[in-house]
Structures are given as C-alpha cells and as structure tokens.
There are 4 protein chains.
Amino acid sequence: MARLQKSIEKRNALVQATIELVNNNGFHATPMSKIAKMACVSPATIYLYFENKQDLVNQTYLEVKSQYTNFVFDGFKASNNLKQDFEAIWKRILQFNTEECSYSFFLHQCNNTPIIDEPSREKGIKHLQPLLDLWKRGKEDKLIKSLPDHVLYAYSINPLSFLMMAQKQNQFYFTEEITEEAFKAAWDSIKL
Amino acid sequence: MARLQKSIEKRNALVQATIELVNNNGFHATPMSKIAKMACVSPATIYLYFENKQDLVNQTYLEVKSQYTNFVFDGFKASNNLKQDFEAIWKRILQFNTEECSYSFFLHQCNNTPIIDEPSREKGIKHLQPLLDLWKRGKEDKLIKSLPDHVLYAYSINPLSFLMMAQKQNQFYFTEEITEEAFKAAWDSIKL
Amino acid sequence: MARLQKSIEKRNALVQATIELVNNNGFHATPMSKIAKMACVSPATIYLYFENKQDLVNQTYLEVKSQYTNFVFDGFKASNNLKQDFEAIWKRILQFNTEECSYSFFLHQCNNTPIIDEPSREKGIKHLQPLLDLWKRGKEDKLIKSLPDHVLYAYSINPLSFLMMAQKQNQFYFTEEITEEAFKAAWDSIKL
Amino acid sequence: MARLQKSIEKRNALVQATIELVNNNGFHATPMSKIAKMACVSPATIYLYFENKQDLVNQTYLEVKSQYTNFVFDGFKASNNLKQDFEAIWKRILQFNTEECSYSFFLHQCNNTPIIDEPSREKGIKHLQPLLDLWKRGKEDKLIKSLPDHVLYAYSINPLSFLMMAQKQNQFYFTEEITEEAFKAAWDSIKL
DNA sequence: CATGAATGAGGATTCATTCAT
DNA sequence: TATGAATGAATCCTCATTCAT
C-alpha cells in the first residue's frame, strides 16, 4: 500500500515537472534528464511509468485536460435559466484559468502546437459536453445563435485562453469590473 | 543584379521552408538540415542569411507578421461608418486566414508558444494600429464597449484564429452563411 | 566498488588518450571523437567526466602537473648542503623528462601555447615551491645569484624542457657525461 | 609595378594577420575567414598567395624566422674577443625578443607545437650559424664548455624565450640590472 | 587578380533511451 | 522497483576551400 502510494507520488511528480518545464521552456527545450531531476528521480525511472517522451507528454495532457473538465463542471447542474447556467460555467472556466494558471497554460500550449499526438488530442471540444448540451438547448429555445459549437466556443470561451496568455505576459489584467464586462461580451456574442 | 536576385530567392526559399516544416512538425522537430534540403541549399548556406536557428525563426515570424498586416490594411481608409470599417478589416483578416492558411497557421503557432524571442514578439497587437484607432474612436463615440484593446481583440479577432485551426483540423468549415453570422457575433460582442 | 573502479579507469583512459593525441597532433587536430575512440568509450561518455573539451584539457594539464610535482619532490628533504639539494631536484626533473616523456611533452606544449585556460595555468612555477624555498635560502646565504625566481628557473630548469624536445626530435641525446656537464652548466648559471 | 607592389602588400598583410591572430587565439582558433578579414581581403584571395592554411602558416614561420636571423646577425662581425662577440649576439636576441615581441612570440609558439610541418621547421638551430661558429671557436680555444650546441643553446639562448613569455604574462620584467645579471648567468653557464 | 557566395565534410555537444546492478 | 552510467544517433554550427563572375 505504502508502496503503491509512493509510486503514485512519483508519477505525479513527473507529471508536475513536465508541466512546469514545458511551460517555461517549451517542449523542445525540455530534456528528459531535467524532468527527472526536477521530480527527484532517475531518468531511467521515467520509463517505468511512461513508454517514452511522447507518451509522457500525451498522458500529462490528458490528465490536465481531465482536471480542467472536472473543475469546470464540478457540482454543475443544469437549471432552467440558461443564461445563469452559462454564466456559472464561464466563470468556473475563468477561475480555472486564473487559479490553475500553469495547468491552463500547459493546455493552451498543447492545443496550439503539434507536440501532442493527434490520437491523444481527442476530438476537439468534446470534453465540454455539458456546455455543448447547454448550447443545444439554447439553440432549440432560440436563445442562442444557431451556429456550430466551434464558433460558439471560439467567441465565448476561447477568448478566456487568449486573455489568460495576455495576462501572463503582463499585457492586461482582469479586474472585477472587466470580468463582468467580459462576460457580457461573451454572452452578447452568442445570444440571439 | 542577377546575383542579388538569386540571393533574395534563396532567402525566400529558406523562409518558406521554415514555415512549412515548422507548421507540420513544430519547431523542435525541424532540423536545420531539413530546412536546407527543402530550400535546395546546403545547411551552411543558411548561416549566410541568418545568425542561427532562433534568428531564422524570429525573422520568419516578423516577415510573415508584416505580410499579414499589409494584407489586412491594404487600401483601408477609415470612413465615418465605424461598423462598416470594422467589417472590412474583419473580413480581410478572415480572408488572410483562409487564403494564406500556412502563414496564418505559422503566426498562430508562434503567438502561442515560447519559440519566438520575447524581443521579436514584443509589439504584440500593436501591428494592428488602424484597428486600435478604430476602436478608440468607437469607444469615444459610445459605439463600442469601453474595454481594454486586448479584450476587444480576444472577442472579435482572435476567434478567427481559433476557427482557422479548427478548420485545418477538419472540425468545422466556414460557409458564406456562417461567415455572416460569425461576423455578427464578433460585432455583437464588442458593440455597445 | 567495482563500479567506482571502472569509472576511475575510464576517466584515466580519457586523460591518457588526451595526452597521447594532443602530443602527436596538437590540440586543434584532436577531435573529441578520436579521444573517445582511443579510450574505448562513446563520445557522449566524455561529457560525464568533463564539462567540455577545454575542461578535459585543463584537467588533464592539472593532473599531469601534479604528477610532475609529486615525482620531483617525492622523498625530498632539504639538507644543509644547498648544492646537493639542488642537484637532487634537478636530476629528478631530468629523470621525469626522460622517463615520463609523454607527460613532460604534454606539459611543455601546454605551457607554451594558449590551449590552457589562464585560470588553470595561473599558478605558474609556484608548484615548485620546495625549489623556490631552496633558492630563497641560497640567495640569503649568498650562494645563489640574487635574481628573480623566473630567471633562475629560465636558466637552470627550463633548459631541461628544451633538451627533452630536442631529444624527442632526434637532434641530440643525453649521455651520462653530458648530463653531468649539463648539471654543471645549470649550477654555474645560478651560483654566485 | 604598382601592381606588383600592391600584391606584395597584400601578402604582407596576410602574414601579419596570421601572426597576430595565431598569437592571440592559437592556431586552432584562427579561421581563414578571420585572417582574410583582418587583412582586408577576401578569403578566396588567400589562395592566390598560399596553397592552403598549412602553407600559409609554414611560410609565415619561415619569413619570421628569417627576419629573426637577419636582425640578430645584422652587421655582426666576429672579432677576436669571443665573450664580447657572444654578448653582442645575445643582446641582439634579447632586443628582438623585446622589440619584435609578436614575432618572437609567434616563433616560440611554432617551435613548441606541432602546427608547423616537420619539413618547414628546418633542422633545429641551423639558422644561427654565426653563433654556432662562435661556439666552435670557443670550444677549440677552451673558452667554452665542450657541450653539444643544443645544450649551449638551451642554457644561454633559450632562457630568453622563456623570459619573454613570462614577461608577456606579467610574471616578470626585464630591468637594466636584471639584463646584465641575466647575461652573466648565460655566460657563466657555458664558459669553461 | 580579386571576390563574395556557396558548400561538404567534420566537430563539439546533447539527448532519448537502455542496461547492468 | 529504482538507478546512474553509458551510448549512438542526431543536431547545430563552423570552416577550409572552391567557383562563377
């Protein structure tokens, strides 16, 4: 048991190190040896947990993505106020972007780069199923524009990624007021 | 003269090869030797035109960015119909994303990755100055939300990048109709 | 233990190979790959023991120099016959030059070339401290000319290096008789 | 004529550049391109005057050596005062070492390194013929120790090279007084 | 004569991965 | 399970040399 526990911790340390190093240096400047060092582990040990570098990054990606989804929809229950539901999800996403900045940044880099195997990248935005459901309802009820999900996502959700990046580069800061305005912009863009 | 001409062509071939290869494989999986081969040039020749790999990518980035700007604002003259002006610019950007797909994709990758030197990335969205001017006017005239430029950009322009990526991955396609709706979404998100 | 032993042997093999190859071809014509091959080791392995080529040569230099010093002063005890003491040291140096010819040649090349980092070369002739002490006494006792140590060294010790080189190039040979005469010349040059 | 003149100047510039750069960086860190640049000439031009890099260094060596010999024996006429003759030559050599420091340093480096082709290195100290003649006389007249020329050279002349190096490395300085003492040491070492 | 552009061969160094322990 | 040492293959880059002009 303690044995297993230790294993899990080691694996986590590796995943964390991967995120941190890839975030700071990019995939191409992150050698396995550095990952090992940061995780306080021998390079050889990595290969007990992952097949190779690609596999390590792929799995890291999938895990972070899953944490993202869990965080965003944790406790979410669709009500019959669609706008409020959307707002709740939107704000959770914003919160994740802000509080789990390094996870968010890692996802962003993987999503916009060929460092992840096509197979691992999963199909686009499927992981946001509850949101897609919401939009489906919204379209049926004529509350939301009849646009492909990707377009809705592009306008109402993806901007948060962009702004997170801009914030990380000190080009811009979220204030309470801007947050409210930004949400309004998101809603305006997709509402009918 | 023919000499100079040939030099320019060689340089261009290198820039083109860089774009193509980085687009397909990412920076880290694009060796100089491959770039050289694709440009029909010896690896050593690259170093006559560029200081090193980083410099090659930086310069390529700056050149593509400049082509983007030129394309987008070519012939643009601010009228006194703000929405129409915005629409013109927006559609030019969309057109660039569609027609110069590989340039657009390259820019996207550079903008969302630490492969470009900070100094080269520096100017951020400044290169869209005429658009920023337009927004300034719009805010003064109470036609556009009083939000930081980065937020306006995130909602009305950046989605085009995302959609270009999605289209490249066959997850979505622009039709005439969607384009009009998408523009409406862009405008809705920023208009007051 | 066997592990450590093997490591030490590998390191030594690298140092030996460096000496041999630099002696025969000079620094600039001694690629790391050849050093590796001669030491029966992969090129990458060199970098487990040394930071880079410069470091390899620097460390080799320091090690050989230290062997030189140890050899020369091994068992030396200053008596109160200064000339005899000097003769003892001088002959040990000659012996080293003759018996450890490749070490001696390597030192010579490093001492007369900018291949060694200044910091590594730094200590100059300080490593011959017992000899410097002897000269100090000799000057105080008016047995030795009151000249800077470097001059004393130039006349009484350095000629041995030159003669070792000449011998290596078959221009000259030490015989028993010449040795005695040569020592006399050394002593004559510095004695008062 | 002016044509020829210009050629000679270009050749000289190349030789000078070679000396300077090899002195400062060593042979292995002196690329042809740098030599060309310092001589204000295209790299290709070097090959009009020299067969290749080795030839350039060889010829430079031979030229400098010849200047050395000319300088040292310029106007020298053997008198019948052997010690005075020796002193004259010795001091000319010292003067060359001091005044033509860079030439002297270059010779030193070539003499103690495998950068010069064996054939070009000529046989040892043959170029000092007048000095060798002097020593011959001295030995016959029982004024000078009956030692091989190389030994005499090692003790009475070579120290000047060593001291020149030491001076260049700021470990020691020639003063008027030391010079006289140093000459005395030289003479003492070889006189009977 | 002179050149600047071009290059192929080679060099130092790195790194993902393996293996003996 | 865990490791540190070891490595072959690859990568970036340099440089002596050539060639078209």
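Chain letters run A, B, ... following the sequence lines, proteins first and then strands; every chain starts at 1.
For residues 101-121 of chain D, there are no ring pair (Phe, Tyr, Trp, His ring centres under 6.0 Å) pairs, not counting sequence neighbours. Listed by first then second residue, pairs satisfying salt bridge (Lys or Arg N to Asp or Glu O under 4.0 Å) with a partner in residues 15-27 of chain D number zero, not counting sequence neighbours. Sequence neighbours left out, the pairs with a member in residues 31-54 of chain A that pass side-chain hydrogen bond (donor to acceptor under 3.5 Å, both in side chains) are A/S7-A/Y49, A/Q54-A/N58.
Every residue two or more places apart in sequence or in another chain that forms a side-chain hydrogen bond (donor to acceptor under 3.5 Å, both in side chains) with C/T113 is listed here: D/T113. Residues passing the side-chain hydrogen bond (donor to acceptor under 3.5 Å, both in side chains) test with C/Q109, sequence neighbours excluded: none. Under the ring-ring contact (aromatic ring centres under 6.0 Å, His included) criterion, A/Y61 pairs with no residue at all, not counting sequence neighbours. Checked against side-chain hydrogen bond (donor to acceptor under 3.5 Å, both in side chains), D/D55 has the following partners two or more places apart in sequence or in another chain: D/Q59. Legend: residues meeting side chain to side chain contact (heavy atoms under 4.5 Å, CB included) with B/T30, ordered by chain and number and at least two apart, are B/L21, B/V22, B/N25, B/I35. Not counting sequence neighbours, the partners of B/Y68 by the ring-ring contact (aromatic ring centres under 6.0 Å, His included) test are B/F96, B/H127.
Positionally, the nearest nucleotide of DNA chain F for B/T30 lies more toward the 5' end than for the other of D/K53 and B/T30. Between B/K10 and C/N52, the residue anchored nearer the 5' end of DNA chain E, judged by the nucleotide with its closest heavy atom, is B/K10.
Between chain D and DNA chain E, the heavy-atom contact criterion of under 4.0 Å yields a 5' to 3' nucleotide range of E/dC1 to E/dG4.
Between the NE2 atom of B/H28 and the P atom of F/dT11 there is a distance of 11 Å, given to the nearest Å.
With hydrogens and angles ignored, the 3.5 Å screen pairs no side-chain donor or acceptor of C/S104 with any backbone N or O of C/E100.
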Pairs counted only when both distances fall under 3.5 Å, Watson-Crick or G-U: show me the 5' to 3' dot-bracket for DNA chain E, [ ] for pseudoknotted crossings and | for other-strand partners.
.||||||||||||||||||||

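Within residues 32-51 of chain D, the residues having any heavy atom closer than 4.0 Å to DNA chain E are, in order of number, D/S42, D/A44, D/T45, D/L48, D/Y49.
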